[in-house]
Enquirer: 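The structure follows.
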Amino acid sequence: MVDQQTGFGERQANVKGNYYEGPVYNNHFGAKPDAERSEPEVAESSSGHGTAAAAGGGGLGVVVALAVLGYFIFGGNEPFPMTSDPWPAEVKQEAVIAAASDWLLRCAKSTSATPANCPQSIADTSNVSEVRWAFYGNPLEAPVIQYTEVESRFDMLGTVIVTADYTASKEARRVVTPAKYWAKVKWADGKLDVQEIKEHSAIGDPEVSKEDPKVAWEPAAAKLSEAFTRCVRSAKSAMPAGCPEWSPPSGAEKIKWAVTGDPLLTARATFDPQFGIYRVKGTYQLSVRYTWLGTARTDNRNPIYEALIAPTATGPVVLQIKDTTTV
């Protein structure tokens, strides 16, 4: 049963053709579950302090032609294979997905800002601490897998939500990036060997479409409410990383933040099938009192926000809250 107001509700899946639609090996890849982290559960937008990047009626012939044309004219990535040769009889799609899963786990365990043969990186290049990576959005669900016989290689196209936690210039940062990835898996001597998993985006790529797990609205709403509370409680001269980006004028003192009104009152959630997450849109009222040049001031804002919530095996996780418009 789906809640008509929020878009949340209940569900499960299967294997079909060369598309994996079954249970995911892991809903979350990372060195440490979010429940054990000391940072806020929300995450900074890629438009903030840093940028994380990751795996991002003419018929088939026209689609391929457009993909190749876009590659050469617009400088996009090489096009993903649009067709598949017959698979080796002894290889099952679950095995290809398992090989990619093992490599993604390695990538998530890396502390490098730009781990080799992995789909993620951050833009900050100096004075950066070890990076903690995590992958959300069911990265192994519903990938497109093609086999190229002449190269004895499986190509797997999927999507992932990448989070990066690190410190740069003594400032804690957390970046969230929805992205597309391409895993290249070699088949040789009866073994599957992952050559690389890279970020990818090209015109004409096959569509990745994930099924809505119908997460109940109540636990997601509770997590979102907690995230707003942490944003205000941890705010100092500005909202902390991962919260809406706004601050009083430079030089403001004696700053006190407050959320007035219920940010969930008119909130609605929609499932994003490309990345396997929920996007929640709502309105919140923010008040900040401060002293500037010896004068007491109060600023009130009433912005529309978008929050990204990832379903995981241990429950929903708020990845990001950002303003979309200010009223």
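Values below: all heavy atoms of this structure, side chains included; hydrogens, waters and symmetry mates excluded. Since the model is a prediction, treat every value here as computed from it, not as a measurement. Start at 1 with the first residue, then count along the sequence.
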Enquirer: Taking atom types as modelled, is there a side-chain donor on Tyr278 or Asp272 under 3.5 Å from an acceptor on the other?
Expert: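 Asp272 and Tyr278 do not have a side-chain donor-acceptor pair below 3.5 Å.
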Enquirer: Dump the intermediate steps for side chain to side chain contact (heavy atoms under 4.5 Å, CB included) on Ile122 and Val131, then the final yes or no.
Expert: CA-CA 9 Å; Ile122 60 172; Val131 182; 3.8 Å; yes
Enquirer: Keeping the roles fixed (side chain from Trp292, backbone from Ser250), state whether a donor-acceptor pair exists under 3.5 Å.
Expert: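 Confirmed, Trp292 side chain pairs with Ser250 backbone.
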Enquirer: So does Ala99 get a backbone contact from the side chain of Asp102, meaning a donor-acceptor N/O pair under 3.5 Å?
Expert: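 No; zero donor-acceptor contacts below 3.5 Å.
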Enquirer: Take Arg174 and Asp165, measure what salt bridge (charged side-chain N to carboxylate O under 4.0 Å, His left out) needs, and give me the verdict at the end.
Expert: CA-CA 4 Å; Arg174 195 171 187 217; Asp165 291 285; 2.8 Å; yes
Enquirer: Classify the ring geometry of Phe228 against Tyr284: parallel below 30°, tilted from 30° to 60°, perpendicular beyond 60°.
Expert: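 Tilted, since the angle between the ring planes falls between 30° and 60°.
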Enquirer: Check step by step if side chain to side chain contact (heavy atoms under 4.5 Å, CB included) holds for Asp205 and Leu157.
Expert: CA-CA 9 Å; Asp205 279 342; Leu157 188 71; 4.2 Å; yes
Enquirer: Salt bridge between Glu245 and Arg301, side-chain N to carboxylate O under 4.0 Å?
Expert: no
Enquirer: Tell me, please, which residues at least two apart from Tyr290 pass side-chain hydrogen bond (donor to acceptor under 3.5 Å, both in side chains).
Expert: Asp299
Enquirer: Quick one: does Thr159's side chain have a donor or acceptor within less than 3.5 Å of a partner on Gln274's backbone?
Expert: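 Looks like yes, one N/O pair under 3.5 Å.
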Enquirer: For the pair Glu151 and Lys184, evaluate salt bridge (charged side-chain N to carboxylate O under 4.0 Å, His left out) and give the outcome as yes or no after the intermediate values.
Expert: CA-CA 11 Å; Glu151 297 183 20; Lys184 297 185 177 183; over 6 Å; no
Enquirer: Does Pro115 offer a backbone N or O that forms a donor-acceptor pair with the side chain of Gln120 under 3.5 Å?
Expert: no
Enquirer: Do the side chain of Thr177 and the main chain of Ala179 share a donor and acceptor less than 3.5 angstrom apart?
Expert: no
Enquirer: Return yes if some donor-acceptor pair links the side-chain N/O of Asp262 with the main-chain N/O of Leu264 below 3.5 Å, else return no.
Expert: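 Present.
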Enquirer: Which pair of heavy atoms, one from Val288 and one from Pro248, lies closest together, and at what distance?
Expert: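 Val288 and Pro248 have their closest heavy atoms at CG2-CG, 3.9 Å.
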Enquirer: Measuring only between side-chain heavy atoms, which start at C-beta, is Ile304 closer than 4.5 Å to Lys281?
Expert: yes
Enquirer: Is any side-chain heavy atom of Val280 closer than 4.5 Å to one of Leu224?
Expert: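 Result yes, sub-4.5 Å side-chain heavy-atom pair found.
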Enquirer: Counting C-beta onward and ignoring hydrogens, is there a side-chain heavy-atom pair between Pro273 and Ser209 closer than 4.5 Å?
Expert: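 Pro273 reaches Ser209 side chain to side chain.
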Enquirer: Could you check whether Thr312 and Thr314, counting side-chain N and O atoms only, form a donor-acceptor pair closer than 3.5 Å?
Expert: yes
Enquirer: Please check if the distance between the ring centroids of Trp87 and Phe154 is under 6.0 Å.
Expert: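 So the answer is yes for these two rings.
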Enquirer: Less than 4.5 Å apart, side chain to side chain, heavy atoms only: is that true for Tyr305 and Pro263?
Expert: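 In contact.
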Enquirer: Taking Lys109 for the side chain and Trp133 for the main chain, is one N or O donor matched with an acceptor at less than 3.5 Å?
Expert: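 No: the side chain of Lys109 does not pair with the backbone of Trp133.
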Enquirer: If you define the side chain from C-beta out and look only at heavy atoms, does anything of Gln146 sit under 4.5 Å from Met156?
Expert: no
Enquirer: Are the side chain of Asp323 and the backbone of Pro244 linked by a donor-acceptor contact shorter than 3.5 Å?
Expert: no
Enquirer: Could you walk me through whether Asn300 and Asn302 pass side chain to side chain contact (heavy atoms under 4.5 Å, CB included), step by step?
Expert: CA-CA 7 Å; Asn300 296 295; Asn302 186 31; over 6 Å; no
Enquirer: Under 3.5 Å, is there a donor-acceptor pair between the side chain of Trp103 and the main chain of Asn117?
Expert: yes
Enquirer: Answer yes or no: is there a side-chain heavy-atom contact under 4.5 Å between Met82 and Pro206?
Expert: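 The answer is yes, as the side chains (C-beta and beyond) meet within the 4.5 Å cut-off.
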Enquirer: Grab the two heavy atoms, one from Phe275 and one from Val160, that are nearest each other, plus how far apart they are.
Expert: CD2-O, 4.0 Å
Enquirer: Would you confirm whether Lys210, through its side chain, and Gly137, through its main-chain N or O, come within 3.5 Å as a donor-acceptor pair?
Expert: yes
Enquirer: How about Val162 and Val176: do any of their side-chain heavy atoms sit closer than 4.5 Å?
Expert: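 Side chain of Val162 against side chain of Val176, heavy atoms only: no contact under 4.5 Å found.
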Enquirer: Distance only, no hydrogens: is a donor on one side chain within 3.5 Å (strictly under) of an acceptor on the other, for Asp155 and Trp182?
Expert: yes
Enquirer: Salt bridge (charged side-chain N to carboxylate O under 4.0 Å, His left out) for Arg153 and Glu196? Distances and angles first, verdict last.
Expert: CA-CA 12 Å; Arg153 190 184 74 199; Glu196 67 172 344; over 6 Å; no
Enquirer: May I ask you to check whether over 12 heavy atoms, not counting those of Arg106, lie within 6.0 Å of atom CZ?
Expert: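 Open.
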Enquirer: With a 4.5 Å heavy-atom cut-off, do Ile277 and Pro178 have their side chains touching?
Expert: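 They are not in contact (no side-chain heavy atoms under 4.5 Å apart), so the answer is no.
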Enquirer: Salt bridge check, Asp124 against Arg173: does any charged N sit closer than 4.0 Å to a carboxylate O?
Expert: yes
